[in-house]
Amino acid sequence: LFVIILLPQVEVLAQSPELPPPYLRVNISFTEPTTAPSDTDIYVDGKLATQATITGLSPGQHLVKCSKRGYFDYETTVDFPKVDLVTCTMSKTTLLIINVSDLNGNKLPAKVYLDDKFEGLFDNVSTLVRKGPHKISCIQEGYQQFIQTIEVSRYVSPEEGAYQTVECI
């Protein structure tokens, strides 16, 4: 005995649009070792998130910020759901470049001080600095002393270059 069941053919006329991912994932990476990665706060659109998987986001632009004491804040804008994964790169230091030259633009070795600490006799210094104010001094005999205070407020990745280049003239 054979039984044949014929089912009607179903034709798909239209598919529902793909649903956005139900969540935005936030990963945290550190450029220096840390003993307490869980101390990092994550904010989405200014609101503190209680976990690294954010649910209930509407499609569109969202500001993601990661913050940890002693580190530069990380901020980015994501277009959710096109972007559903963010990696916050947390760093304690960023690159600062100090160039020393005369008024004609010729490189000139000078005594370079960063935060009143002697860095050396250079015409070019690349150094890592922490968040906050930094005093830069350049001293060369026969020239007026150069002093400038800068406020280092954000991390710049090595791919982007230096946070700031200071021209000691």
Side-chain angles (χ1 to χ4, degrees), residues 12 14-101 112-120 122-138 145-169:
V12 177
Q15 282 186 299
S16 61
E18 281 189 36
L19 294 175
Y23 53 83
L24 173 68
R25 293 173 294 153
V26 180
N27 291 335
I28 312 290
S29 70
F30 293 87
T31 59
E32 298 94 356
T34 183
T35 56
S38 61
D39 288 357
T40 305
D41 291 325
I42 300 169
Y43 297 87
V44 177
D45 299 328
K47 297 176 187 162
L48 181 64
T50 56
Q51 56 187 7
T53 302
I54 316 302
T55 59
L57 282 181
S58 59
Q61 300 284 318
H62 296 277
L63 178 66
V64 177
K65 176 181 176 181
C66 298
S67 182
K68 180 175 173 58
R69 185 182 178 103
Y71 288 78
F72 288 99
D73 291 346
Y74 178 92
E75 284 188 19
T76 190
T77 300
V78 297
D79 186 8
F80 182 78
K82 290 179 187 173
V83 176
D84 64 352
L85 174 64
V86 173
T87 299
C88 294
T89 302
M90 306 302 292
S91 182
K92 291 181 180 180
T93 59
T94 194
L95 183 64
L96 172 70
I97 296 175
I98 303 168
N99 292 320
V100 184
S101 59
V112 177
Y113 294 83
L114 178 62
D115 298 325
D116 296 322
K117 179 182 168 237
F118 181 64
E119 294 290 318
F122 299 110
D123 62 7
N124 179 280
V125 178
S126 297
T127 187
L128 295 173
V129 293
R130 291 185 179 265
K131 185 177 182 178
H134 295 280
K135 178 182 169 187
I136 299 158
S137 303
C138 299
Q145 181 178 0
F146 174 91
I147 300 174
Q148 181 179 356
T149 300
I150 62 167
E151 181 70 31
V152 177
S153 59
R154 68 180 184 88
Y155 170 74
V156 177
S157 71
E159 295 81 29
E160 294 175 275
Y163 171 78
Q164 183 170 347
T165 300
V166 176
E167 303 292 337
C168 286
I169 299 174

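Because only heavy atoms are used, hydrogens play no part in the values below, and waters and symmetry mates are left out as well, while side chains stay in. If you're wondering where the values come from, they're calculated on a predicted model, not measured in any experiment.
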Could you check, using the six-membered ring where one of them is a Trp, whether Y155 and Y71 have ring centers closer than 6.0 angstrom?
no
Are the side chain of E32 and the backbone N or O of K92 linked by a donor-acceptor pair below 3.5 Å?
yes
Looking at every non-hydrogen atom in both residues, tell me the closest pair between R130 and G70 and how far apart they are.
NH1-O, 4.2 Å
Separation between CZ (F146) and CD (E167), nearest 0.5 Å, reads 8.5 Å
Consider side chain to side chain donor-acceptor pair (under 3.5 Å). Of T149, T127, D115, which one does H134 pass it with?
D115
Indicate yes or no: at least one non-hydrogen side-chain atom of D116 is less than 4.5 angstrom from one of K135.
yes
With a 4.5 Å limit on heavy-atom distance, are the side chains of M90 and I28 in contact?
yes
How about Q51 and T53: does a side-chain donor come under 3.5 Å of a side-chain acceptor?
no
Min side-chain heavy-atom separation V86-I42 under 4.5 Å:
no
Decide yes or no for I54 and Y23: does some side-chain heavy atom of the first lie under 4.5 Å from some side-chain heavy atom of the second?
no
Where is the tightest heavy-atom contact between T87 and S29, given as atom of each residue plus distance?
CG2-OG, 3.9 Å
Looking at every non-hydrogen atom in both residues, tell me the closest pair between C138 and I98 and how far apart they are.
SG-CG2, 4.2 Å
From OG (S137) to NZ (K117), nearest 0.5 Å
13.5 Å
Could you pull out every donor-acceptor pair under 3.5 Å between side chains of residues 58-68 and any protein atom, sequence neighbours left out?
| unit_1 | atom_1 | unit_2 | atom_2 | d |
| --- | --- | --- | --- | --- |
| H62 | ND1 | D45 | OD2 | 2.6 |
| H62 | NE2 | S58 | O | 2.7 |
| S67 | OG | D73 | OD1 | 3.0 |
| K68 | NZ | A36 | O | 2.7 |

With the side chain counted from C-beta on, respond yes when L95 and P158 share a heavy-atom pair under 4.5 Å apart, and no when they do not.
no
Starting from the C-alpha separation in whole Å, work towards a yes-or-no answer on side-chain contact (heavy atoms from CB on, under 4.5 Å) for T34 and D39.
CA-CA 10 Å; T34 183; D39 288 357; over 6 Å; no
Ignoring hydrogens, what is the shortest heavy-atom contact between Q164 and L96? Give both atom names and the distance.
O-CD1, 3.2 Å
How far apart are the closest heavy atoms of C168 and I136, and which atoms are they?
SG-CG2, 4.1 Å
Euclidean distance, L114 CG relative to L128 CG, rounded to 0.5 Å
10.5 Å
Going by heavy atoms in the side chains, are Y74 and S91 under 4.5 Å from each other?
no
Under the side-chain contact (heavy atoms from CB on, under 4.5 Å) criterion, do F72 and T94 qualify, and how do the steps go?
CA-CA 9 Å; F72 288 99; T94 194; 3.8 Å; yes
Flag, side chain of N99 to backbone of N124, donor-acceptor distance under 3.5 Å:
no
Under the criterion side chain to side chain donor-acceptor pair (under 3.5 Å), I'd like the reasoning laid out for S153 against E151: C-alpha separation, chi angles, the key distance, then a yes or no.
CA-CA 6 Å; S153 59; E151 181 70 31; over 6 Å; no
